[in-house]
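Just below is one structure, and these are the notes that go with it.
Indexing begins at 1, ligand by ligand and atom by atom, following the structure's order.
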Amino acid sequence: MTAPITAAGSAGELSDDELLSAYAWDRPEAAPGRPYVRFNFVTSADGAAAVNGRSGALGDGADHRVFELLRRTADVILVGAGTVRAEGYAGELLDAESQSWRIARGMTSHPAVAIVSGRLDLDPDGPFFQQAPVRPLILTTATAAAERRVALERVADVVVAGEQAVEPAQAAALLAERGFARVLCEGGPQLFGSFQAAGLVDELCLTVSPLLAAGSALRITAGAPEAVPPQRLELAQVLRGGDTLLLRYLSVPA
Ligand SMILES: NC(=O)c1ccc[n+]([C@@H]2O[C@H](COP(=O)([O-])OP(=O)(O)OC[C@H]3O[C@@H](n4cnc5c(N)ncnc54)[C@H](OP(=O)(O)O)[C@@H]3O)[C@@H](O)[C@H]2O)c1
C-alpha cells in the first residue's frame with residue numbers, strides 16, 4: 001500500500017501527481033547555463049545519516065515514496081562511490097510504474113546513473129555494473145589508476161572531471177554535455193560536501209526520520225573545508241508521512 005503523505009497542517013492525502021508537482025524541477029533561474037542539482041537525503045532527528053553504515057534503517061514508506069518519485073523525473077542520478085559501496089545500488093533504479101510513466105512521456109525507461117570516484121575502487125564484475133539497467137557513467141580524476149580505469153571501461157563510460165578530485169563544476173559541465181539538465185544527487189556526505197564547497201547545491205530534499213540514532217554516525221555532509229561559509233536555505237515545502245517530515249529546501253543566492 002502506498003504510504004500516505006499530506007501537506008503539513010492538512011489532512012488531505014497527496015496523490016503521486018500532486019507529489020510530482022510539489023517536487024517540480026521549476027527553478028531554471030537558480031542554475032543558469034548548467035544543470036540543476038537537487039540533493040536527496042534522509043536523517044534521523046538527531047542528525048545521523050546512517051545506522052550501522054547504511055541509510056536503510058532511517059527511511060520509511062513515505063521516504064521511499066518520495067525517493068522513487070524524485071528518481072522518476074530525473075535525467076541522471078549522481079552518487080558517490082562510497083554510497084555505492086555501502087548501499088549496493090544493484091539492479092533496477094525504478095519500479096515498473098515509474099518506468100511506464102517515463103516511457104509514456106517519451107523518456108528513457110531509467111534515468112542515467114553517474115558515480116563519482118577518485119580511486120576507482122569499484123568492482124566491474126560486481127552486481128552494480130552487472131545488473132545495471134543503463135550503462136553507468138563514472139566521473140573520475142586524471143590521477144586515477146590507469147589499470148582500474150581500463151577494467152571499468154568494459155562496463156561503464158569513464159570520464160575525467162578533475163585532477164586530484166572530481167571538481168563539481170567540471171562534473172556538472174560533463175553532465176550538461178550529455179544532455180542532463182536535472183541532476184538528482186543521492187549523496188553521500190563527501191560528495192555533498194564537495195558540491196556544497198563549490199556552491200553547486202541548488203536544492204536539498206531532506207527526510208527527517210522520527211528516530212534517535214545515537215552513536216557517532218556521519219552527518220549528511222562531510223569533507224568540505226571549515227572555511228566554507230554556511231549556505232542559507234529557504235524552506236520551500238513541508239510534507240509529512242505520519243511522524244516523518246519531508247522537507248524541501250532551496251538555495252538562496254549569496
Ligand atoms: N542518509 C542518507 O540519505 C545517505 C545518502 C547517501 C549515503 N549515505 C551514507 O553515507 C555513507 C557513505 O559516506 P561517504 O561520505 O563515503 O559517501 P560518498 O560521498 O558517496 O562517497 C565518498 C567517496 O566517493 C568518492 N567521491 C566523493 N566525492 C568525490 C570527489 N569530489 N572527488 C573524487 N571522489 C569523490 C570517493 O570515492 P573513491 O574512494 O572511490 O575515490 C569517496 O571516497 C554510507 O554509510 C551511506 O549509507 C547516507
Side-chain angles (χ1 to χ4, degrees), residues 37-60 62-64 66-68 70-71 77-90 113-124 126 128-129 136-145 148-149 151-152 156 158-175 183-201 203-209 211 213 215-225 228 244-249:
V37 184
R38 164 184 277 172
F39 277 81
N40 184 31
F41 278 101
V42 59
T43 177
S44 67
D46 58 349
V51 174
N52 296 327
R54 296 181 67 166
S55 59
L58 297 172
D60 61 3
D63 176 60
H64 294 157
V66 168
F67 182 88
E68 172 79 20
L70 294 182
R71 282 188 165 189
I77 296 169
L78 181 68
V79 64
T83 298
V84 172
R85 289 190 287 261
E87 306 277 351
Y89 266 69
V113 60
I115 309 177
V116 176
S117 173
R119 294 182 298 131
L120 294 182
D121 180 14
L122 298 162
D123 178 4
F128 172 79
F129 291 105
L137 171 66
I138 300 177
L139 302 172
T140 191
T141 59
T143 49
R148 288 193 178 168
R149 186 176 164 154
L152 285 162
V158 185
V159 180
V160 169
E163 280 298 310
Q164 304 295 327
V166 169
E167 299 299 338
Q170 281 190 46
L174 284 162
L175 295 176
V183 179
L184 174 63
C185 189
E186 296 181 349
Q190 280 185 51
L191 189 60
F192 189 39
S194 64
F195 270 70
Q196 209 179 331
L200 283 176
V201 177
E203 178 172 333
L204 171 63
C205 298
L206 182 66
T207 298
V208 181
S209 203
L211 284 175
S216 55
L218 299 164
R219 293 163 54 206
I220 63 167
T221 185
V228 172
T244 296
L245 280 177
L246 301 148
L247 308 175
R248 185 178 179 208
Y249 288 102

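Proximity of L218 to ligand 1, defined as any heavy-atom pair under 4.0 Å, is confined to the side chain (atoms from C-beta onward). With a 4.0 Å cut-off on non-hydrogen atoms, E167 does not touch ligand 1 at all. Contacts with ligand 1 closer than 4.0 Å are made by heavy atoms of both the backbone and the side chain of A81. If you look at R219 next to ligand 1, there are no close heavy atoms at all, none under 4.0 Å.
The shortest distance between side-chain heavy atoms of L70 and C205 falls below 4.5 Å. Between V84 and F129, the closest side-chain pair of non-hydrogen atoms is not below 4.5 Å. Two residues are said to be in side-chain contact when any heavy atoms from C-beta on lie closer than 4.5 Å; L120 and L152 meet this criterion. Residues V166 and T141 have side chains in contact (heavy-atom distance under 4.5 Å, counting atoms from C-beta outward). Between Q170 and E163, every side-chain heavy-atom pair lies at or beyond the 4.5 Å cut-off.
Summarising the contacts of atom 17 (O) of ligand 1 with N52, T83, L191, the nearest heavy atom is found in T83. Looking at L206, V116, T140, D121 and measuring to atom 25 (C) of ligand 1, the nearest heavy atom belongs to V116. Of all the listed residues (A50, G188, P189), P189 holds the heavy atom that lies closest to atom 10 (O) of ligand 1. Atom 30 (C) of ligand 1 has its nearest heavy-atom neighbour, among V166, L139, T141, in V166.
At least one N or O atom of V42 sits closer than 3.5 Å to an N or O atom of ligand 1. The distance criterion of under 3.5 Å between nitrogen or oxygen atoms is met by R119 with respect to ligand 1.
For atom 42 (C) of ligand 1, the nearest non-hydrogen atom of the protein is Q190 OE1, 3.7 Å. Of the protein's non-hydrogen atoms, A49 O, 3.2 Å is the one closest to atom 48 (C) of ligand 1. Protein heavy atom at the shortest distance from atom 40 (O) of ligand 1 is S117 OG, 2.6 Å. Nearest to atom 5 (C) of ligand 1 among the protein's heavy atoms is E186 O, 3.4 Å. At the top of the distance list for atom 43 (O) of ligand 1, counting protein heavy atoms only, stands R85 NH2, 3.7 Å. Among protein heavy atoms, the minimum distance from atom 21 (O) of ligand 1 is reached at G82 N, 2.9 Å. In this structure, atom 34 (N) of ligand 1 lies nearest to the protein heavy atom G118 N, 3.3 Å. Of all protein heavy atoms, the one lying nearest to atom 46 (C) of ligand 1 is E87 OE2, 3.5 Å.
F195 CZ to E167 CD: the interatomic distance, rounded to the nearest 0.5 Å, is 10.0 Å.
Of all heavy-atom pairs spanning R85 and D121, the tightest one is NH1-O, 3.1 Å. P124 and L122 make their closest contact through CD-O, 3.2 Å (heavy atoms, listed as atom of the first residue, atom of the second, distance). When all heavy atoms are compared, the tightest approach of P168 to S194 is CG-O, 3.4 Å. Summarising the geometry of L175 relative to V183, their closest heavy-atom pair is CD1-CG2, 3.9 Å, with the distance given to 0.1 Å. Taking all atoms of both residues into account, the shortest heavy-atom contact from L174 to A161 is CD1-CB, 3.5 Å. The two atoms that bring R219 and P189 nearest to each other are O-CG, 3.4 Å, heavy atoms only.
Paired with L139 under the rule side chain to side chain contact (heavy atoms under 4.5 Å, CB included), one option of V158, I115, L78 passes, and it is L78.
Atoms of ligand 1 lying under 4.0 Å from at least one heavy atom of A165, given by number and element, are 32 (N). For ligand 1, the atoms sitting less than 4.0 Å from at least one non-hydrogen atom of S194 are 31 (N), numbered in the order shown with element in parentheses. Below 4.0 Å from some heavy atom of A86 lie the following atoms of ligand 1, by number and element: 44 (C). Residue contact check: S55 has heavy atoms under 4.0 Å from atoms 1 (N), 2 (C), 4 (C), 47 (O), 48 (C) of ligand 1.
Assignment of G53 to the shell around ligand 1 is supported, since a heavy atom sits closer than 4.0 Å.
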Inset, instruction - With side chain to side chain donor-acceptor pair (under 3.5 Å) as the test, would you mind laying out the steps for E186 and T83 before giving the verdict? - result: CA-CA 8 Å; E186 296 181 349; T83 298; over 6 Å; no
